[in-house]
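What follows is one structure encoded as C-alpha cells, with my remarks underneath.
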Amino acid sequence: MTLKRILAALLAAMVTVGSFSACSDKTNKDTDYSENNNDYRAENENNDVNYPDKWDVLPKADVTDISQLTYEFDDDLNGIKITGYIGESAMLHIPDTIEDKPVVAASLGNFKPTHLYMPTTLVQLEADLSELTYANYPNSKLSFFDPAIDSANLKCVYIEPSVTEIGENAFRYCTGLIKVEIPDSVTTIKTGAFSHCESLPTMKIPDSVTTIEEAAFIDCTRLTTISIPDSVTELGRLAFQSCTDLTTVNIGNGVSTISEGAFAYCDSLTDVSIGNNVTIIGNLAFARCTSLTNINIANSVTTIQGMAFSGCTSVTSITIPDSVTEIYHFAFENCTSLTSVNIPDNITWVGDSTFDICENIQATYKGTTYTYDNIEDLYKAINN
C-alpha cells in the first residue's frame with residue numbers, strides 16, 4: 001500500500017462529529033497582510049501581547065436595537081430566540097438579553113451579515129454566513145458554517161475569553177481566515193478545529209491548552225512556525241499534516257506520543273525540537289518531510305513506529321539514542337540521502353525494510369558497519 005493510500009485511510013477513519021465549516025477550497029494567495037490594509041485593521045502578528053479587548057480586534061459595533069429584531073421565547077432552550085432581522089445594516093450585534101431573558105438562539109433567514117457579534121449565551125445559530133468578514137466566537141456549542149455556503153470572506157475572529165474549547169470543525173475550510181488568537185481560557189482544540197485554514201499565517205498555542213485533537217490544523221498551508229507548550233499532553237494524529245510552509249516545530253515536554261501522521265507532508269520542515277518526555281514517535285509522524293536534513297531523536301524515545309520518517313529524502317544522518325529499543329517496519333524507508341546511522345547496542349528489535357531504498361546508508365551497530373548491500377544482516381544481528 002502506498003504512503004498516500006495509507007494517509008488517505010487515516011483521514012477516512014477520522015471521527016467527524018457535528019457539521020463542517022463551509023468555506024471556499026481555494027486559497028486567496030493575494031490577501032494583503034500589511035499594516036496599511038484598512039480592510040483588515042486587526043492584523044497584529046505580535047503573539048507576545050496580552051489577550052486583546054474585543055474592540056481592539058473587531059470593528060466597533062453598537063448593540064442592535066431590539067426594534068430591528070423579531071423574537072420569541074423558546075421553551076426548550078429557556079431563553080429568547082431571534083427569529084428575524086429587519087434592519088438595514090449588514091453589521092449585527094445580538095444583545096445579551098431581551099426582556100431580561102438570555103438570548104440563546106438566532107435564526108436569521110436570508111439576512112447575510114458582514115459583521116456578526118453574538119452573546120456567550122447563544123447556543124444555536126441558523127444564518128447565511130457567505131458574506132461574513134468579522135465575527136466573535138462565543139462558545140464551543142455553536143456550529144458556524146454550513147457545507148453549502150462559501151464562507152471564505154471570514155478574515156478575523158475574536159474568541160471570547162470565557163471559551164474553554166474550540167469546537168469540532170469550528171473553522172474548518174475557512175480559507176480566508178488570517179487572524180485568530182486563542183485565549184488562555186482554552187484547554188482543548190477539538191478535531192478539525194482549524195483544518196484547511198489555508199491563509200492563516202500564525203498561531204500561538206497558549207500554555208492553558210492540554211489537548212490538540214486529530215487533524216486540528218491539517219492543511220494550514222501558510223503556517224510557518226508552531227510551538228507546542230509543555231502544557232500539551234495529547235497531540236492527536238494528523239494534527240499538523242500537510243502544513244506545507246511549516247519550517248520550525250517545537251514539541252514541548254508534556255507530549256509523550258507524537259501521533260501518527262502528526263507532521264506528515266510538511267515538506268518545508270527543516271527544524272524539529274522534540275521534548276524530553278516523548279517516548280513514542282508514531283506511524284508516519286514525519287513522513288515525507290522532504291526538507292529535513294538531520295533527525296535528532298530525544299533521549300526519552302523508546303519506540304520509532306512504522307514509516308515514522310519515510311520519504312525524508314534530504315536526511316543525511318541520524319543518531320538513535322540508547323533509549324530506543326524498537327524500530328518498526330519502514331521507519332526510515334526511502335531516505336535516499338541517508339549516509340550515516342548509529343544504532344545503539346541495547347536495541348531489541350528492528351522491523352524488516354526499516355532502511356528500504358536507503359541505498360547510500362552506512363549503519364553502525366556494535367562496531368560493525370553495514371551498507372545497503374548487506375542491510376539484511378543488520379536486521380538479523382539485532383533480532384537474533
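Going from atom CD of Q124 over to atom CG of D76 covers 9.0 Å, rounded to the nearest 0.5 Å. The structure places CD1 of I280 at 9.0 Å from CD of E326, a figure rounded to the nearest 0.5 Å. To the nearest 0.5 Å, atom CG of residue L223 and atom CZ of residue F217 are 7.5 Å apart. Distance check, rounded to the nearest 0.5 Å: SG of C335 to CD of E359 gives 12.5 Å.
At a cut-off of 3.5 Å, with distance as the only test, no side-chain donor of H329 or D352 sits close to an acceptor on the other residue. In this structure, a donor-acceptor pair under 3.5 Å is present between the side chains of E333 and S310. Between the side chains of S291 and T270, no donor-acceptor pair of N or O atoms lies under 3.5 Å. In this model, a donor atom of one side chain and an acceptor atom of the other lie less than 3.5 Å apart for E99 and Y71. Side-chain contact, N136 with E160: a donor N or O sits under 3.5 Å from an acceptor N or O. With hydrogens and angles left out, the side-chain atoms of S208 and T187 include no donor and acceptor closer than 3.5 Å.
Clustering ILVMFWY residues whenever any of their side-chain heavy atoms sit less than 4.5 angstrom apart, transitively, puts Y158 in a cluster other than the one holding V63. Cluster annotation: L338 is not connected to I357 through the hydrophobic network of ILVMFWY side chains, with a link wherever side-chain heavy atoms come within less than 4.5 Å. Hydrophobic clustering keeps V301 apart from Y328 (ILVMFWY residues linked when any side-chain heavy atoms are closer than 4.5 Å, directly or through intermediates). Residues W349 and F309 do not share a hydrophobic cluster, defined by chaining ILVMFWY side chains whose heavy atoms lie under 4.5 Å apart. Residue V103 is grouped with residue I66 when hydrophobic side chains (ILVMFWY) are merged at heavy-atom distances under 4.5 angstrom, including chains of intermediate members.
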- Item | Step-by-step side chain to side chain donor-acceptor pair (under 3.5 Å) determination, T83 to T70 | CA-CA 5 Å; T83 57; T70 60; 2.9 Å; yes
- With side-chain contact (heavy atoms from CB on, under 4.5 Å) as the test, would you mind laying out the steps for Y134 and Y117 before giving the verdict? CA-CA 8 Å; Y134 300 94; Y117 308 141; 4.0 Å; yes
- ring-ring contact (aromatic ring centres under 6.0 Å, His included) assessment of W55 paired with H115: CA-CA 13 Å; W55 305 126; H115 304 61; over 10 Å; no
- Item | Worked verdict on V324 versus D322 for side-chain contact (heavy atoms from CB on, under 4.5 Å) | CA-CA 6 Å; V324 173; D322 291 342; over 6 Å; no
- Message: Run D230 and V255 through side-chain contact (heavy atoms from CB on, under 4.5 Å) and show every step you take.
- Response: CA-CA 7 Å; D230 292 346; V255 173; over 6 Å; no
- Task: List the steps and the verdict of ring-ring contact (aromatic ring centres under 6.0 Å, His included) for Y137 and F171.
- Result: CA-CA 10 Å; Y137 182 71; F171 304 102; 5.2 Å; yes
- Task: May I have the step-by-step check of side-chain contact (heavy atoms from CB on, under 4.5 Å) for T319 and I297, ending in yes or no?
- Result: CA-CA 7 Å; T319 299; I297 299 170; over 6 Å; no
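A donor-acceptor pair under 3.5 Å is absent between the side-chain atoms of T188 and the main chain of K190, judged by distance alone. Within the 3.5 Å criterion, the main-chain N or O of P52 finds no donor-acceptor partner in the side chain of D56. Under a 3.5 Å cut-off, the side chain of N253 and the backbone N or O of N276 do form a donor-acceptor pair. Not a single donor-acceptor pair under 3.5 Å links the side chain of T210 to the backbone N or O of T233. With hydrogens and angles disregarded, a donor-acceptor distance shorter than 3.5 Å links the side chain of N283 to the backbone of G306. Within the 3.5 Å criterion, the main-chain N or O of T371 finds a donor-acceptor partner in the side chain of N374. Of the possible donor and acceptor atoms, one in the side chain of H93 sits under 3.5 Å from a partner among the backbone N and O of A61. When atom types are taken as modelled, the side chain of S199 and the backbone of T175 share a donor-acceptor pair closer than 3.5 angstrom. Panel note: side chain N342, backbone A363; no donor-acceptor pair is recorded below 3.5 Å. S242 places no side-chain N or O within 3.5 Å of a backbone atom of D219 that could act as its donor or acceptor partner.
You'll find the side chain of T368 stays beyond 4.5 Å of the side chain of K366, heavy atoms only. Residues Y372 and D356 form a side-chain contact, since some pair of their non-hydrogen atoms from C-beta on lies under 4.5 Å apart. At a threshold of 4.5 Å between non-hydrogen side-chain atoms, the residues I98 and I82 count as touching. At a threshold of 4.5 Å between non-hydrogen side-chain atoms, the residues C156 and L58 count as touching. Looking only at side-chain heavy atoms (C-beta outward), D128 and N110 stay at 4.5 Å or farther from each other. You'll find the side chain of I182 reaches within 4.5 Å of the side chain of I189, heavy atoms only. Contact of the I166 side chain with the V186 side chain is registered, since non-hydrogen atoms from C-beta on lie closer than 4.5 Å. Considering only heavy atoms from C-beta on, L129 comes within 4.5 Å of P113 through its side chain.
Heavy atoms only, all atoms of each residue included: L77 and V104 are closest at CB-CG2, 3.6 Å. Summarising the geometry of C312 relative to L292, their closest heavy-atom pair is SG-CD1, 4.4 Å, with the distance given to 0.1 Å. A pairwise comparison of heavy atoms in I218 and L238 identifies CB-O, 3.7 Å as the closest pair. A pairwise comparison of heavy atoms in Y85 and M91 identifies OH-O, 4.4 Å as the closest pair. For the residue pair I343 and I320, the shortest heavy atom distance occurs at CG1-CD1, 4.3 Å. Nearest approach of Y265 to T244, heavy atoms of both residues: O-CG2, 3.9 Å.
Aromatic ring pairs are classed by plane angle as parallel below 30°, tilted from 30° to 60° and perpendicular above 60°; the pair F240 and F263 is parallel.
Within a 6.0 Å sphere centred on NZ of K380, heavy atoms belonging to other residues, nucleotides or ligands number 12 at most. Counting non-hydrogen atoms of other residues, nucleotides and ligands closer than 6.0 Å to CG of N346 gives a total above 12. Enclosure of atom CG in N384 by more than 12 non-hydrogen atoms of other residues, nucleotides or ligands within 6.0 angstrom is indicated.
Under a 4.0 Å N-O distance rule, the pair E72/K81 does not qualify as a salt bridge.
Aromatic pair Y370/F355: ring centres not closer than 6.0 Å.
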